Amino acid sequence: MRPLRLYNSFTRTIEDFQPLEAPHVRMYACGPTVYNFAHIGNFRAYIFTDLLQRVLRNFNYKVRFVMQRTDVDDKTIKGAQAEGIPLREFTARYAKAFLEDMAQLNIEPQDDMPNATDHIPQMTGLISQLVEKGNAYPSDDGSVYFRVSSFGPYGCLCGLDFDGLKAGARVSHDEYEKESFGDFVLWKKWVAADGDVAWDSPWGKGRPGWHIECSAMSMHYLGKEIDIHCGGVDLKFPHHENEIAQSEAATGKKFARYWLHNEHLLVDGRKMSKRDGTFFTVRDVLAKGYEGRVLRYALLANVQYRQNLNFTWQVMDAAKATVQRIDEWRKRFAGNPLADKPADEAGRGFIETFYNTLAEDLDMPGAIGHLHNYITETNKLMDSGHFPEGIGAVWTKINAILGLKEPELSIPNEVQDLLDQRGAARKAKDFKLSDELRKAIETHGFKVKDTAKGQELLRS
RNA sequence: GGCGGGGUAGCCAAGUGGUAAGGCAGGGCUCUGCAAAAGCCCCAUCCAGCGGUUCGAAUCCGCUCCUCGCCUCCA
């Protein structure tokens, strides 16, 4: 296999991937804020990190992957208060829903998924270091801010002209204590609106700012210098820029060697947004009758991760049809003892090509194109009575990346009855009745197909 | 305005110097009692536009147009 190459947002070029201590890879991704059901745009980011970790593992890297969970911020506090329940109870509900949705999409679990609120000491420790070094300062009433002017490279990730921003400084009322417009909060003093959500700190009662949690948890679980940090493009500024500043100011080390950002999922050509109400959840898509694995395929295989993906039902229908094609192909070799023999030359060649394509910045659509060529070729072979030895082994190697689960098919009793009746009708060559029963089955949301082996039921 | 992604067939999308992968939709055929949601075949003289470099460009350079995102809530 070719060496893995990845687009590093920091250098804006595709680079050979070289971890600090090969074969070990330490990887961190910014995770969800658990105040609501995550939308499928959010999940595009997690599908991306899933692809990345699957590729890394199949390139024989030993990956340690941490994704944090933001379980304290304005939105979570507000949500818990609106329902009159403790913050922890509120966030636990959406943390659970998130894991359920991740499972629907067959996203492999991270090695750790820590809660921000379980790492307050790590955060206050980091903030203390920054204050001692002069990179941060407490305000009179107990908030702590990062002093952007103390970190020379600030803006290095995004190439922002920070002086330009300062020139147009808008200083809102609740930020009047900052020395400078660009300074960002590390520790927020407690205010009455926070209710009982507060932790003690050297600067008094309060709660952490958003950015500090990622730095603190990344360092706590993975060390001061990690290989890969990922997230959506919208996090580049300010979130990742601030992470770099506070982390590197504290440790003097390179915080992350590779910054990988996934592009957005669009709806009607616009960014999916919770604030604007233009979003679908995984549950919405499932309720429309699409399987989780079809959504996974649409988010994973359709478009390379650095391209916008315009979500439409047409895209979902295309994904569904494509997944069915793969299913039908798999049925042709499933259970054949020759399938699990070592792959033949064509199979090995295809695996090589598939992984080489992925090696170039995770070109999943390109790799899928090769899969379809392989499917067509092996279908032809099987049509002509030649069985491609090891085809099952090839699929196993490919599906380690694709992660397509078996189709889910729970057959209701009434449908099974109709199917049995139809089987009897066909045996009796009563095709009129047989066709009527097929129509009856279709009203239950299933399609029935006749094969050499007998009837087969599919979701419609 | 600054920075960053893009503009390839009806739709989605690879390809980044050697003469347009693949999927969906559509058309034809095969299998089938019928049927296909199955299998096979067909389906871009052309890559936003205009110049330039080159034996050769969708691919490199320049300019223009269009589009999405970020510029302190954001995946």
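By convention in this document, chain letters (A, B, ...) are assigned in the order of the sequence lines, proteins followed by strands, and residues within each chain are numbered from 1. Quick caveat: nothing in here was measured; it's all calculated off a predicted structure.
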>> On the side chain of Asp363(A), is there an atom forming a donor-acceptor pair with the base of rG15(B) - under 3.5 Å, no angle test?
In response: no
>> Suppose we call a contact any N or O donor and acceptor under 3.5 Å apart; does that hold for the side chain of Arg270(A) and the base of rC68(B)?
In response: no
Whole angstrom is fine here: how far is it from [atom1] in [X] over to [atom2] in [N]?
{"X": "Lys380(A)", "N": "rC40(B)", "atom1": "NZ", "atom2": "P", "value": "8 Å"}
{"X": "Gln324(A)", "N": "rA25(B)", "atom1": "CD", "atom2": "P", "value": "9 Å"}
{"X": "Tyr35(A)", "N": "rC73(B)", "atom1": "OH", "atom2": "P", "value": "13 Å"}
{"X": "Asp450(A)", "N": "rG39(B)", "atom1": "CG", "atom2": "P", "value": "16 Å"}
{"X": "Leu437(A)", "N": "rC34(B)", "atom1": "CG", "atom2": "P", "value": "19 Å"}
{"X": "Gln307(A)", "N": "rU8(B)", "atom1": "CD", "atom2": "P", "value": "11 Å"}
{"X": "Trp259(A)", "N": "rG5(B)", "atom1": "CH2", "atom2": "C1'", "value": "19 Å"}
{"X": "Arg306(A)", "N": "rU16(B)", "atom1": "CZ", "atom2": "C1'", "value": "12 Å"}

Hey, are [Y] and [X] close enough side-chain-wise for a donor-acceptor pair under 3.5 Å?
{"X": "His370(A)", "Y": "Thr353(A)", "value": "no"}
{"X": "Asn106(A)", "Y": "Arg293(A)", "value": "no"}
{"X": "His229(A)", "Y": "Glu243(A)", "value": "yes"}

Using the [atom1] atom on both, measure [N] against [M] and round to a whole Å.
{"N": "rG7(B)", "M": "rC12(B)", "atom1": "C1'", "value": "14 Å"}
{"N": "rC50(B)", "M": "rG5(B)", "atom1": "C1'", "value": "24 Å"}
{"N": "rG49(B)", "M": "rU67(B)", "atom1": "C1'", "value": "15 Å"}
{"N": "rC46(B)", "M": "rA58(B)", "atom1": "P", "value": "11 Å"}
{"N": "rA13(B)", "M": "rG28(B)", "atom1": "P", "value": "28 Å"}
{"N": "rU59(B)", "M": "rG18(B)", "atom1": "C1'", "value": "11 Å"}
{"N": "rG4(B)", "M": "rC61(B)", "atom1": "P", "value": "15 Å"}
{"N": "rU72(B)", "M": "rC11(B)", "atom1": "C1'", "value": "38 Å"}

> If you pin Gly232(A) and Cys158(A) to their nearest nucleotides in RNA chain B, which one's is more 5'?
Replying inline: Cys158(A)
>> For Thr376(A) and Phe446(A), find the nucleotide of RNA chain B closest to each by heavy atoms; which residue's nucleotide sits nearer the 5' end?
In response: Phe446(A)
For [N], the Watson-Crick or wobble partner whose two distances fall under 3.5 Å:
{"N": "rA38(B)", "result": "rU30(B)"}
{"N": "rA9(B)", "result": "none"}
{"N": "rC63(B)", "result": "rG49(B)"}

Which part of the nucleic acid, if any, lies within reach of [X] when heavy atoms closer than 4.0 Å are counted: base, sugar-phosphate only, or nothing?
{"X": "Met272(A)", "answer": "base"}
{"X": "Arg422(A)", "answer": "base"}
{"X": "Ser434(A)", "answer": "base"}
{"X": "Glu241(A)", "answer": "nothing"}
{"X": "Leu265(A)", "answer": "base"}
{"X": "Tyr7(A)", "answer": "sugar-phosphate"}
{"X": "Val323(A)", "answer": "nothing"}
{"X": "Asn302(A)", "answer": "sugar-phosphate"}
{"X": "His261(A)", "answer": "nothing"}
{"X": "Arg426(A)", "answer": "base"}
{"X": "Glu442(A)", "answer": "base"}
{"X": "Gly41(A)", "answer": "base"}
{"X": "Asn373(A)", "answer": "sugar-phosphate"}

Any [X] side-chain N or O less than 4.0 Å from OP1/OP2 of [N]:
{"X": "Lys236(A)", "N": "rC71(B)", "value": "no"}
{"X": "Lys271(A)", "N": "rC70(B)", "value": "yes"}
{"X": "Arg325(A)", "N": "rG23(B)", "value": "yes"}
{"X": "Asn242(A)", "N": "rU72(B)", "value": "no"}
{"X": "Arg332(A)", "N": "rG39(B)", "value": "no"}

Looking at [options], which one has an atom nearest to any side-chain atom of [X]?
{"X": "Asn42(A)", "options": "rC24(B), rG4(B), rA75(B)", "answer": "rA75(B)"}
{"X": "Ala45(A)", "options": "rA75(B), rA36(B), rG4(B)", "answer": "rA75(B)"}
{"X": "Phe181(A)", "options": "rU72(B), rC34(B), rG23(B)", "answer": "rU72(B)"}
{"X": "His264(A)", "options": "rG23(B), rG69(B), rG39(B)", "answer": "rG69(B)"}
{"X": "Val303(A)", "options": "rC34(B), rA14(B), rA36(B)", "answer": "rA14(B)"}
{"X": "Phe237(A)", "options": "rU72(B), rG5(B), rC24(B)", "answer": "rU72(B)"}
{"X": "Asn379(A)", "options": "rG23(B), rG33(B), rG39(B)", "answer": "rG39(B)"}
{"X": "His372(A)", "options": "rG33(B), rG23(B), rU72(B)", "answer": "rG23(B)"}

Could [X] and [Y] be called an ion pair, given the rule that one side-chain N must be under 4.0 Å from one carboxylate O?
{"X": "Arg54(A)", "Y": "Asp50(A)", "result": "yes"}
{"X": "Arg257(A)", "Y": "Asp227(A)", "result": "yes"}
{"X": "Glu100(A)", "Y": "Lys96(A)", "result": "yes"}
{"X": "Glu263(A)", "Y": "Arg306(A)", "result": "no"}

>> Which residue in the set Arg438(A), Lys432(A), Lys439(A) passes salt bridge (charged side-chain N to carboxylate O under 4.0 Å, His left out) when paired with Glu436(A)?
In response: Lys432(A)
> Mind checking whether Tyr374(A) and Phe350(A) have parallel, tilted or perpendicular rings, split at 30° and 60°?
Replying inline: parallel
>> With a 6.0 Å cut-off on the ring centroids, do Tyr94(A) and Phe98(A) count as close?
In response: no
